[in-house]
Asks: 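Before I ask anything, here is the structure I am working with.
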Amino acid sequence: PTFLCATGGQSCIQVDQALHATSELFPAAEMLHSLVGKSLGFIGYTIQYGCIAHCAFEYVGEFVTCSGPSMEPTITNRDVVFSERVSRHLYRIEKGDIVIAKSPFDPKMNICKRVIGLEGDKVCISGPSDSFKTHTYVPRGHVWLEGDNLQNSTDSRSYGSIPYALIRGRVCLKLWPPHNVGLLNESPNDGRIV
């Protein structure tokens, strides 16, 4: 590098020689500077891509591995499904849709159930084998969820309707196992959706 000095050329030449000698004496300093620069660049890209991934999972959709028997035969244990989030944000959840929602008992746990009733709907709260059928209305801002396997499902018949805000997304596609890839079947309990 060349330095222009207002006080005279002699001191600038000395500074230039000193900087050159320092870089020769301390090559580790240049390597450290390069390593820090590359590390900060990597961290910056990681943060950017992490933000993009977060937004994709939060606002577009996510892959979910389902467990438990409550949605059999539609979704069985260890099936992988895609849950899209756009419908939830646009309030386009409809009766008959399968949704992923936060458990009303444990916010760290998700549940996979079918929407049986929306706000204002009259729903049957009796079990399939009950002789006398009882009904209730879904309150405003809530949905009524039930598993397809009515004999082996803890759902709104146990804990009541859940707030719409607990819905995480609408299941639109089964991805695993490979022989069952595709859109999901209609409810085996069609008579419960009025």
Side-chain angles (χ1 to χ4, degrees), residues 36-121 123 138-150 152-189 192-193:
V36 168
K38 289 180 181 178
S39 297
L40 289 176
F42 176 75
I43 291 170
Y45 282 123
T46 303
I47 291 171
Q48 284 177 335
Y49 291 122
C51 290
I52 291 169
H54 168 73
C55 288
F57 290 136
E58 187 62 30
Y59 297 105
V60 177
E62 67 181 332
F63 302 101
V64 179
T65 302
C66 298
S67 61
S70 71
M71 284 302 292
E72 291 178 355
T74 310
I75 298 174
T76 58
N77 201 27
R78 295 197 180 99
D79 280 358
V80 177
V81 297
F82 181 73
S83 170
E84 59 89 9
R85 303 270 174 99
V86 177
S87 294
R88 176 184 74 111
H89 291 297
L90 297 176
Y91 296 93
R92 300 279 187 210
I93 302 294
E94 299 175 357
K95 288 190 278 188
D97 286 345
I98 298 173
V99 296
I100 303 294
K102 289 287 182 191
S103 168
F105 298 121
D106 182 4
K108 294 179 183 175
M109 190 174 99
N110 289 326
I111 57 174
C112 180
K113 306 289 181 195
R114 190 176 298 272
V115 177
I116 301 298
L118 301 171
E119 64 179 50
D121 286 344
V123 293
V138 180
R140 185 175 186 174
H142 288 67
V143 293
W144 189 270
L145 303 178
E146 291 182 4
D148 285 352
N149 185 355
L150 293 174
N152 199 1
S153 177
T154 303
D155 49 36
S156 288
R157 293 172 296 150
S158 304
Y159 46 73
S161 58
I162 69 161
Y164 189 91
L166 290 182
I167 295 176
R168 303 281 297 149
R170 182 179 67 89
V171 176
C172 58
L173 190 65
K174 187 188 292 191
L175 301 170
W176 189 264
H179 63 277
N180 284 339
V181 171
L183 300 175
L184 295 172
N185 299 330
E186 294 296 320
S187 172
N189 308 310
R192 294 192 66 82
I193 301 174

Asks: Grab the two heavy atoms, one from Leu166 and one from Pro104, that are nearest each other, plus how far apart they are.
Replies: CD1-CA, 4.3 Å
Asks: Would you find a donor on one side and an acceptor on the other, under 3.5 Å apart, between the side chain of Arg85 and the backbone of Phe57?
Replies: yes
Asks: I want to check something: taking the side chain as every heavy atom from C-beta on, are Asp79 and Pro177 in contact at a cut-off of under 4.5 Å?
Replies: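 Yes, their side chains come closer than 4.5 Å.
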Asks: Can a side-chain donor-acceptor contact be found between Lys174 and Thr74 if the only test is distance below 3.5 angstrom?
Replies: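 Distance-only check fails for Thr74 and Lys174.
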Asks: Are any non-hydrogen side-chain atoms of Arg140 and Glu119 less than 4.5 angstrom apart?
Replies: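 Yes; the side chains approach each other to less than 4.5 Å.
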Asks: Compare all side-chain heavy atoms of Ser87 with those of Ile167 and state whether any distance is below 4.5 angstrom.
Replies: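 Ser87 vs Ile167: side chains apart.
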Asks: Between Thr46 and Phe42 (side chain of the first, backbone of the second, donor and acceptor by atom type, cut-off under 3.5 Å), is there such a pair?
Replies: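 Yes; at least one donor-acceptor contact below 3.5 Å.
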Asks: Any salt bridge between Arg114 and Glu146, counting N to O under 4.0 Å?
Replies: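 Salt bridge flag = no for Glu146 with Arg114.
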Asks: Inspect the surroundings of OH in Tyr159 and state if more than 12 heavy atoms from other residues, nucleotides or ligands are less than 6.0 Å away.
Replies: yes
Asks: Step by step, work out the side-chain contact (heavy atoms from CB on, under 4.5 Å) result for Asn110 and Lys102.
Replies: CA-CA 5 Å; Asn110 289 326; Lys102 289 287 182 191; 3.4 Å; yes
Asks: Distance from Met109 atom CE to Ser67 atom OG, nearest 0.5 Å?
Replies: 8.0 Å
Asks: Mind checking the CG-CD1 spacing from Leu145 to Ile111? Nearest 0.5 Å is all I need.
Replies: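 Result: 5.5 Å between the selected atoms.
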Asks: Provide the closest heavy-atom pair for Ser70 versus Cys112 in the form atom of the first, atom of the second, distance.
Replies: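 Nearest pair, atom of Ser70 first, then Cys112: OG-O, 4.0 Å.
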Asks: Do the side chains of Lys113 and Ser153 get nearer than 4.5 Å, heavy atoms only?
Replies: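 In short, these two side chains touch, coming nearer than 4.5 Å.
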Asks: Within the structure provided, determine whether Ile100 and Val171 are in side-chain contact (heavy-atom separation under 4.5 Å).
Replies: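 Ile100 vs Val171: side chains touch.
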Asks: Minimum heavy-atom separation for Cys172 to Glu84, with atom names?
Replies: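 It is SG-CG, 3.9 Å.
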Asks: Does any non-hydrogen side-chain atom of Val64 lie less than 4.5 Å from one of Val80?
Replies: no
Asks: Would you call the rings of Tyr91 and Tyr164 parallel, tilted or perpendicular if under 30° counts as parallel and over 60° as perpendicular?
Replies: parallel
Asks: Can you tell me how far apart CG (Asp121) and CD1 (Ile116) are? Round to the nearest 0.5 Å.
Replies: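 It comes to 10.5 Å.
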Asks: Are Phe63 and Leu175 close enough that some pair of their side-chain heavy atoms sits under 4.5 Å apart?
Replies: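 A side-chain contact under 4.5 Å exists here.
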Asks: Could you check whether atom CZ of Phe105 has more than 12 heavy atoms from other residues, nucleotides or ligands sitting under 6.0 Å from it?
Replies: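 Yes, CZ of Phe105 has more than 12 neighbouring heavy atoms, counting only those of other groups under 6.0 Å.
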Asks: Is it true that Lys108 and Asp106 have a side-chain N and a carboxylate O under 4.0 angstrom from each other?
Replies: no
Asks: Do Glu94 and Val115 have side chains that get closer than 4.5 Å, going by heavy atoms?
Replies: no
Asks: Provide the closest heavy-atom pair for Asn152 versus Pro69 in the form atom of the first, atom of the second, distance.
Replies: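 So the two residues come closest at ND2-CG, 3.2 Å.
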Asks: Strictly distance-based, threshold 3.5 Å: is any side-chain N or O of Asp155 a donor or acceptor partner for the main-chain N or O of Gly147?
Replies: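 Such a contact is found between Asp155 side chain and Gly147 backbone.
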Asks: Roughly how far apart are Phe82 CZ and Leu184 CG, rounded to 0.5 Å?
Replies: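 Here the rounded value is 12.5 Å.
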